[in-house]
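First comes the structure, then the notes that go with it.
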Amino acid sequence: SNYSGATTLMGGLTVLRDQGRLSGTSGVTVNRAVLRWDDTGIQSLGNRLSNGSNVAAPITLNGGAISYLARQGTNGSITLGNLTLGSSASYVVAGSGGTTTSSGTATINFDSLTRAAGATVTFGGLSNGSSVGTPGANPFFYFNTAPSLNNGIVGGWALVRGTDGNTASDNLEFATYDPAVGIRGLTAGNVVSPT
């Protein structure tokens, strides 16, 4: 659809697949709903969400989720605008369309991260049959303006779901930001004592 103006999703699942695009939206607000960018169909597109000038649209999550599913066997990457956490617990997830983690990578690039008081976010990988993936190893979440860290973490409101290198099981860790791999879980060796 090439309508202009804001897009608000209110519940349910909205999938942008094949030639599915919101090519003129000024921004997308996801209220207790899921927006999925799916490149596993007939056609993969690099500009499914733009503001009409091929500039990536900003995303606001209010207890919602955005997910990106990359084409199997490729190093899929998409670019979105600013990510705003408006309210409640939200999710940002990505994965490849393969059945193993070696079937490709998935990367989401955001401009920046802002948060309203009380909002939380969990970054994670989509299940691909053998693993849910681990942010910072695959999938990857980058910000052009890196989030500020306090005592080594993005904030007590930002988590990563995946394995942390200390255990083989899927768990939650506080999120940190590493310019080389983007958002990743805080491992025991990275814990910083408060001053």
Side-chain angles (χ1 to χ4, degrees), residues 1-98 104-116 119 121-126 128 133 135-136 138-147 154 158 175 177 179 181-183:
S1 179
N2 63 356
Y3 64 86
S4 60
T7 300
T8 302
L9 305 177
M10 304 281 291
L13 170 65
T14 301
V15 180
L16 301 177
R17 187 173 186 181
D18 297 331
Q19 292 188 9
R21 295 176 60 203
L22 298 176
S23 59
T25 189
S26 58
V28 180
T29 300
V30 184
N31 295 331
R32 287 143 191 85
V34 177
L35 174 60
R36 178 176 296 154
W37 180 313
D38 187 343
D39 279 343
T40 64
I42 295 170
Q43 188 172 9
S44 171
L45 295 177
N47 59 349
R48 293 190 188 278
L49 294 170
S50 62
N51 68 4
S53 303
N54 263 350
V55 175
I59 306 292
T60 300
L61 299 177
N62 293 309
I66 184 161
S67 69
Y68 167 54
L69 193 55
R71 189 177 290 276
Q72 180 177 355
T74 67
N75 294 322
S77 179
I78 64 171
T79 299
L80 299 172
N82 299 327
L83 175 62
T84 300
L85 307 174
S87 66
S88 303
S90 295
Y91 295 89
V92 178
V93 294
S96 73
T105 62
T107 301
I108 301 179
N109 301 286
F110 293 100
D111 280 341
S112 63
L113 174 65
T114 57
R115 169 191 175 258
V121 65
T122 301
F123 295 90
L126 292 170
N128 59 15
N138 186 18
F140 302 94
F141 304 98
Y142 291 103
F143 290 89
N144 290 333
T145 302
V154 174
Y177 192 80
V181 296
I183 293 285

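Any value given below was found using the heavy atoms of this structure, including those in side chains, with hydrogens, waters and symmetry copies removed.
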Notebook entry, point to check: Considering residues at least two apart in sequence or located in another chain, which fulfil the side-chain contact (heavy atoms from CB on, under 4.5 Å) criterion with Thr145?
Noted result: Ser112

Measure the spacing between [atom1] of [X] and [atom2] of [Y] and express it to the nearest 0.5 Å.
X: Asp38; Y: Thr14; atom1: CG; atom2: OG1; answer: 13.0 Å
X: Leu16; Y: Tyr68; atom1: CG; atom2: OH; answer: 12.5 Å
X: Ile59; Y: Leu9; atom1: CD1; atom2: CG; answer: 9.0 Å
X: Leu83; Y: Phe123; atom1: CG; atom2: CZ; answer: 6.0 Å
X: Tyr142; Y: Ile108; atom1: OH; atom2: CD1; answer: 12.5 Å
X: Ser96; Y: Leu69; atom1: OG; atom2: CG; answer: 7.5 Å

Nearest non-hydrogen partners of [X] and [Y], listed with the distance:
X: Ala33; Y: Gly11; answer: CB-N, 3.3 Å
X: Val154; Y: Pro147; answer: CG1-CB, 4.1 Å
X: Ala106; Y: Ala94; answer: CB-CB, 4.0 Å
X: Ala57; Y: Gly27; answer: CB-CA, 4.2 Å
X: Gly86; Y: Ala119; answer: C-CB, 4.0 Å
X: Pro58; Y: Ser26; answer: CD-O, 3.3 Å

Next item on the list: Give the C-alpha distance, both sets of side-chain angles, the deciding distance and a yes or no for side-chain hydrogen bond (donor to acceptor under 3.5 Å, both in side chains) between Thr8 and Thr29.
Entry: CA-CA 5 Å; Thr8 302; Thr29 300; 4.7 Å; no

Check: Only one of Arg17, Arg21, Arg48 clears salt bridge (Lys or Arg N to Asp or Glu O under 4.0 Å) with Asp39; which?
Finding: Arg48

Next item on the list: Go through the steps for Leu61 and Tyr91 under the test side-chain contact (heavy atoms from CB on, under 4.5 Å), then give the verdict.
Entry: CA-CA 8 Å; Leu61 299 177; Tyr91 295 89; over 6 Å; no

Checklist line | Stepwise side-chain contact (heavy atoms from CB on, under 4.5 Å) test for Leu85 and Leu113 | finding: CA-CA 8 Å; Leu85 307 174; Leu113 174 65; 4.1 Å; yes

Check: Do Leu80 and Leu49 touch side chain to side chain, with heavy atoms closer than 4.5 Å?
Finding: yes

Next item on the list: State whether the number of non-hydrogen atoms from other residues, nucleotides or ligands found under 6.0 Å of Gln43 atom CD is greater than 12.
Entry: yes

Examine distances only and state if a side-chain atom of [X] and a backbone atom of [Y] form a donor-acceptor pair shorter than 3.5 Å.
X: Asn47; Y: Ser23; answer: no
X: Thr25; Y: Gly5; answer: yes
X: Asn109; Y: Ile78; answer: yes
X: Asp18; Y: Gly20; answer: no
X: Arg32; Y: Gly12; answer: no

Check: Can you list the residues that meet the side-chain hydrogen bond (donor to acceptor under 3.5 Å, both in side chains) rule with Asn75, with sequence neighbours excluded?
Finding: Thr105

